Structures are given as C-alpha cells and as structure tokens.
Amino acid sequence: MSEMITADLVDLDLSAESKEAAARALAERMVAQGRVTDLEGFLADVAAREAQMPTGLDGGIGIPHCRSEHVTEPTLAFGRSAAGIDFGAADGPADLIFLIAAPAGADDAHLTILSSLARQLMNTEFTDALRAVSDPGTAAALIRGEEPPAAEAKGAEAKGAEAKGAEGAEGAEGVEGAKGAPENTATASAAASADAAAGSTAPAVPDETAAGKAPQPFRIVAVTSCPTGIAHTYMAAESLENAGREAGVELVVETQGSAGFTRLDPSVIAAADAVIFAHDVPVREKDRFAGKPTVDVGVKAGINRPADLITEVRAKAERGEKTAPSGAATGGTPVERAGDSTEGYGTKLRKWLMSGVSYMVPFVAAGGLLIALGFAIGGWTVNKAPSVMDHFVWTQADSWGALLFQIGGMAFNFLVPVLAGYIAYGMADRPGLVPGFVGGAISLSINAGFLGGLVAGLIAGGVVMAIQRVNIPAALRGIMPVVVIPLISSAIVGFLMFVVIGKPIAAAQKGMTDWLNGLTGTNAILLGALLGLMMCFDLGGPVNKVAYTFATAGIAVASPSDSAMKIMAAVMAAGMVPPLAMALATTVRGKLFTPTERENGKAAWVLGASFISEGAIPFAAADPLRVIPSAMVGGAVTGSLSMMFGATLRAPHGGIFVVPLIGNAFLYLVAIAAGVCVSTALVILLKGTRKQPGDAVSGSAGTPAEDKQGAKQPIAA
C-alpha cells in the first residue's frame, strides 16, 4: 500500500471559507492522486457523516471523515487555514483540518492506521508542530510519524520529535508504523494502567492487602465508539486514558471500531469500580458492565471533557449508585440507548417509540403477508374457517389458505406486546421486557389496541428505571434482574392498565377507529395526501414510520375495516413513488445525474417496485433540497388518488408483488404512475435550473445521517 499521506495531499494555505469548501479542496487533491474515483459521490458521503455529528474538536481541529465506495485506498489530506473554518467545535473555528478517506469495507489494518492519527491529535506537541511547519513534505512526514529531514524541519523538528515521544509506543511508530498494532488498544491501556499502579502487572486482580503496600487505585473501564468507527472512537479513548493517568486512576478502554472490537478481559470488568460509556452508536454486549456506577455520554464528551467524566463517575461510586446501564440508540437500527445527557425528553421519547416500532415491523410484514396470501388462496371467507388443528386436507386449497391465515393471525397477536415490550427495552434495557410485554398483552385483552401498547411500554420502562435508581443491598443485587424487577414492575403495570388507565385508552382507541370508518369524500382524499407527504419526507425515518405504523395498526386485526385497508393502500403506494421517480428521471434525463446516481437509478426500479423507499436515499443525500420536495409532491398526489379511487390493501408490504390482493388494482397502479410522473417532472425541472451539476451535492450536509448509514430496516419503507 502506498503512503497514507504525501506532500501532494497537504495544503498549508487552505483558503476555503466553509467546511464544505474545505472538504472539496482536500478531496480534489485525493482525486488528482487517484485515491478517490468520484469526487461528488465521495463528498456526498463526507457530508452525510458531517450531518450525523459535527466533526470539529476543541483545540482548533476539524476532522471530516467517512468510509466510501469511491475511495481506492486509505488516505489522509491535511489543510491549514489561517482564518479558521467552523466545524462545529465548542471553542470556535478549526485551523488544522484532516480529511480522512477510508474505503468501504476497509480491513483492520486500514482502520488501525486511521486510529493512530486520531490518537496523535490528542497530543498538543504534535498539533503545535503542524502549526509551525512551513513545508508540505515536512508536514506529511510529521503526520506519518517519520523524523523530518533536518534541512526542511528547522524549528518544527524539535516539536515534531517531542510530539512523537509523547505518543508512546504507538505514536513512535507513527501512522504508517501502526499497521502491525492491534485495532483495539485495551491491551496497551491495561499496560499503562499497570504502570500507574506502582508495578502491578495484573490490574484486573484486586490488591492483596498487605502491610506497607500502597492502596489500590480507583479503577475504571470505558467504551468508546462513533458512527464510522474511524476517528472519534480512538480520540475519545486517548483522551480518557490521558485524563486517567493525570487523575491517578487505572482506566482501561475498549474501542468498538467499525472493524470490530477486542473485548476487555472479564476479570478487568469485574474488578472495575465504575464504567464510562462515550459513544454515539450502541454499546455492544452492554450487559457485561451491568451493576456498576455508570456515566453514559456521547463520544465528543469523552474527547472534550474526560476529566469531568472521571470526576462524575467517581462521585457516583462514592455515593453507592450501583446503576445498571440502560438506554437506547439512533438510527435508524433498533435503539439501544436513550442518548447522552444533552438530549431533551422529546428526542429521547422519539427514540424509545422508534425502538418499539423497529422490532414490531417484521411481525407486521410477516403476519400481514401471510394473512393476505391466506385470503388470496382460500377466498374472503377464510377468516371463518375452522382451526387447521381440527380440519386440514392436504389436497384442498382452502385448507392451505386457512393455514396461512391462521399463522399470520398468530404473528399479528404479537404486535402490541412486542411494541410495548421494546419501547420499555429502549428505556430500561432487558429488565423492561417483562413488564412491557405484560402491559402490551393486557392492552390487547381490554381492546386498548396500539394506543394502549404505546402507553403500556412507556409506563413499563419508567417503572423499571425508577426501581433501578433505588440503592439495593449488595445481597439482593443478584436477584434484582430476574426476580425483583420483573415481579414489582409487572404488578404495577398490570394494576395501572387494568384498573386505572385501560378503559379511557380503550375508549380513545374505539373513537379513532370509528372516525376512520367514517372518512369519506374530501376528508379521505386529504388524509391520503397527508400520509403521502409523510411517507416521502424522510424515506424511512421517524415521520415515515409514524405514517406506516398508523396504516398497519388499522389492518392488524382479523377483520379490518374498509377505511383501514384504503389507508394501507395509500401508504404503500406513496412509499413506492420516490425510488421509482428517481429511476425514471435518471432514464429520461441521465445527464442531470452523476454516473453513480445513474447506477443507483437502475437498482431503484426494483426497490421502488418492492415498496422499499430507501432506494431514493442516495439521491436525497446528494441533493435533498431538490429531491425530497419533488418526492413529497408526488407522494401526496398518489396518496390522494389512491383514496379517491377507493383502492384497498390487506397486506402491509410487497409492492407490485401483492397487486392481485389489491382492490381496484388498475386504478391503484394509475395512482402510482401519476405520482411517479409528477415527482419525475419536478426533480428534472429543479435540477435543470442549477448552473453546474456539482451543485447537487452542495446541499448534502443536511441529509439525515442514518439514511447514509443504512441503519433503517427497509421493511418500513
């Protein structure tokens, strides 16, 4: 592999005024060196990562980075700005900008090299040397960890050498020298902790108390992770380790990078006095750290204020707060943590609800399609067939239809309990599952439906979180998760659902159902337009899921109403519009799109026809201000026409493959075609007004990051 950074990839007089312009200037150098194959596609990936979380760091550093299919080999480009560029850091603009480009599917060695730079950036001598250097070749040598030539280094040489020394064994090897180092630094961290512990060679093992020995230092285990696992993960680890040494504590970090992670030794975790989570993606195997004082924050907090985190977690330990880790994550994947302490309750509530919806959707799809196939094979009276346990004839289609219908019905019976259970799981982790499922089952039994499931899940999670805050004697902690918490929380949730709030919720659910059944004429058309707008707004995001869940809730019964089936039809039709419109637009006016977008357009035909609206995400990521409004208008047209035509659908998914199950199928397809044509015409018109094709990428910084990460389940369309 060639060198990660060369003099040609260094700009010591970067004149860009914005982070987008800075990324473009540095990326153009990568293109010139053959490191990036598609400038606009790569910049779209950079912008999507930037939209996920600002990449500015305290100390005047900007570190935009991404993994991209347009990168041929791991590459660094460095720019130094005299005026400073705003990358979202709390302390102001950045003057040192590193653009990190990693190939999609980069192996462990690649990510190790990238992590080495991230750790060097935590060293002030290293950054001071970069600010003082006057030659691009010297700057590249500093970043690679090589000793610069004396003729070129001048005053920067001493600083660069000092920076190298401060890096320890890993930093001394430099970026290129890190190839042979392990991806996870837990082992090195443990060794450093051992040195700090006055010669202890096994920090995981408690000191054997003996006369004359120094007291055992406070011990902390930490986990760091960021969405791409390239930079912030390792910078947070380095920052925490440095702060730990300054505070005189043993601190061992597990870096959960994108190439995987090396688990901390269980004995290290068992001996730890406290835990710090500094992460923006779910902590993997989080249960290993249960039962210890825990601080749970975003990864940037681990970089910017590690000493505060250590002080906070020590204070929790002194107060005896033996809290189990809990919470939920974003993104469109199931939520695993509630978010860091800076998030408001509105954001946390949305994440909790999306946790339940994410786990519920596969049940909806499987059960709904089985029920729809049962009707297709066995006829519309299949719901009145006797149990296949009592009557099943292998040679009769009606029996097979009844079998599929009854299996689908069993799957549908899990919808509300799963919704409630995993809302509670998103709030309180595993202890929330039992009361959540119990509350959801009660909601079904009292006809409180999905609304009751939502409330039951929130109550269950809240009750468990309250119980977890109680200071429990050490003798009882072992039975808390398996006996005490399920017992007490289930009893409280059951009492509230049966006696206190169940009947009002059931009445509200009945009122909503009656309202939907009464929708006709203009009201129904307006509802269809609204649902179409929601389905196309964020292409599988929270707004899309609200509309989709609203539709599937109506058909998740043995005998759904005609209005509920019309709503389901409108939602699926509108969700098919964005990818089909982008596919048609790339076919009709391909010159308006990049080569990568034209390739994505071919796949979008199949994805759109299958009701997977994520097929439009690459287009929305590259040009959100033109693509998303166009898709929304087309979706609104399709939704309203579908409602006006009276099209019905019993299946919650399937696209054109369930057309035989659609009522008024021909007019339904007409509604889809009309919306696709409208969206196609609008996106071509809007793209045709721009001055340069590159403008399409300029708006990508506002793209929802989860779209680019692919975290959402395509089944939610």
Side-chain angles (χ1 to χ4, degrees), residues 53 55-63 65 76 89 91 94 96 98 100 111-130 142-145 160 162-178 181-196 220-259 261-262 264 276-280 295 297-310 313:
M53 185 182 68
T55 54
L57 304 173
D58 288 349
I61 297 172
I63 187 165
H65 59 277
L76 299 176
D91 66 343
L96 302 181
F98 296 85
I100 302 180
L111 292 174
T112 299
I113 296 169
L114 295 171
S115 70
S116 179
L117 170 70
R119 287 178 170 271
Q120 289 191 65
L121 292 177
M122 292 293 97
N123 188 297
T124 56
E125 288 82 1
F126 175 73
T127 54
D128 287 344
L130 288 177
L142 277 170
I143 295 171
R144 291 195 302 267
E162 184 180 355
K164 278 179 34 179
E167 281 299 307
E170 180 180 330
E173 292 179 350
V175 177
E176 289 294 325
E183 183 269 345
N184 187 280
T185 60
T187 304
S189 302
S193 299
D195 293 339
I220 300 173
V221 290
V223 175
T224 62
S225 66
C226 68
T228 55
I230 292 176
H232 290 78
T233 299
Y234 304 98
M235 297 175 81
E238 184 76 3
S239 184
L240 285 168
E241 289 167 0
N242 291 339
R245 284 191 288 270
E246 293 176 2
V249 304
E250 290 184 5
L251 196 150
V252 187
V253 183
E254 176 178 288
T255 52
Q256 296 188 354
S258 55
F261 67 104
T262 302
L264 288 174
I276 295 175
F277 293 135
H279 62 131
D280 285 317
V295 168
V297 296
V299 69
K300 291 195 74 172
I303 297 171
N304 296 333
R305 51 185 188 91
D308 293 342
L309 302 183
I310 292 173
V313 80

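Everything numeric in this text was worked out from a predicted model, so none of it was measured.
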Scanning both residues in full, the closest heavy-atom pair of Gly62 with Ala94 reads N-CB, 3.4 Å

When rounded to the nearest 0.5 Å, the distance separating CD1 of Ile100 from CD1 of Ile63 is 3.5 Å

Item to complete: Check whether any side-chain heavy atom of Leu130 sits under 4.5 Å from a side-chain heavy atom of Ile143, and report yes or no.
Response: yes

Test side-chain contact (heavy atoms from CB on, under 4.5 Å), reference Leu240, set Leu251, Ile220, Val252, output is Leu251

Requested in this report: Decide side-chain contact (heavy atoms from CB on, under 4.5 Å) for Thr224 and Ile303; before the verdict, give the C-alpha distance in whole Å, the side-chain angles of both, and the deciding distance to 0.1 Å.
Outcome: CA-CA 10 Å; Thr224 62; Ile303 297 171; over 6 Å; no

Hits for side chain to side chain donor-acceptor pair (under 3.5 Å) against Asn242, two or more places apart or cross-chain, chain-then-number order -> Arg245

Correct closest heavy-atom pair for Leu309 and Gly302 would be CD1-CA, 3.8 Å

Between the main-chain N or O of Phe277 and the side-chain N or O of His279, is there a donor-acceptor pair closer than 3.5 Å?
no

Between the CG atom in Leu76 and the CZ atom in Phe98, the distance rounded to the nearest 0.5 Å is 8.0 Å

Open item on the list: Strictly distance-based, threshold 3.5 Å: is any side-chain N or O of Ser225 a donor or acceptor partner for the main-chain N or O of Thr233?
Closed with: no

Nearest heavy-atom contact between Leu264 and Val253 is CD2-O, 4.2 Å

Looking only at heavy atoms, the pair that brings Ala243 and Pro306 closest together is CB-CB, 3.6 Å

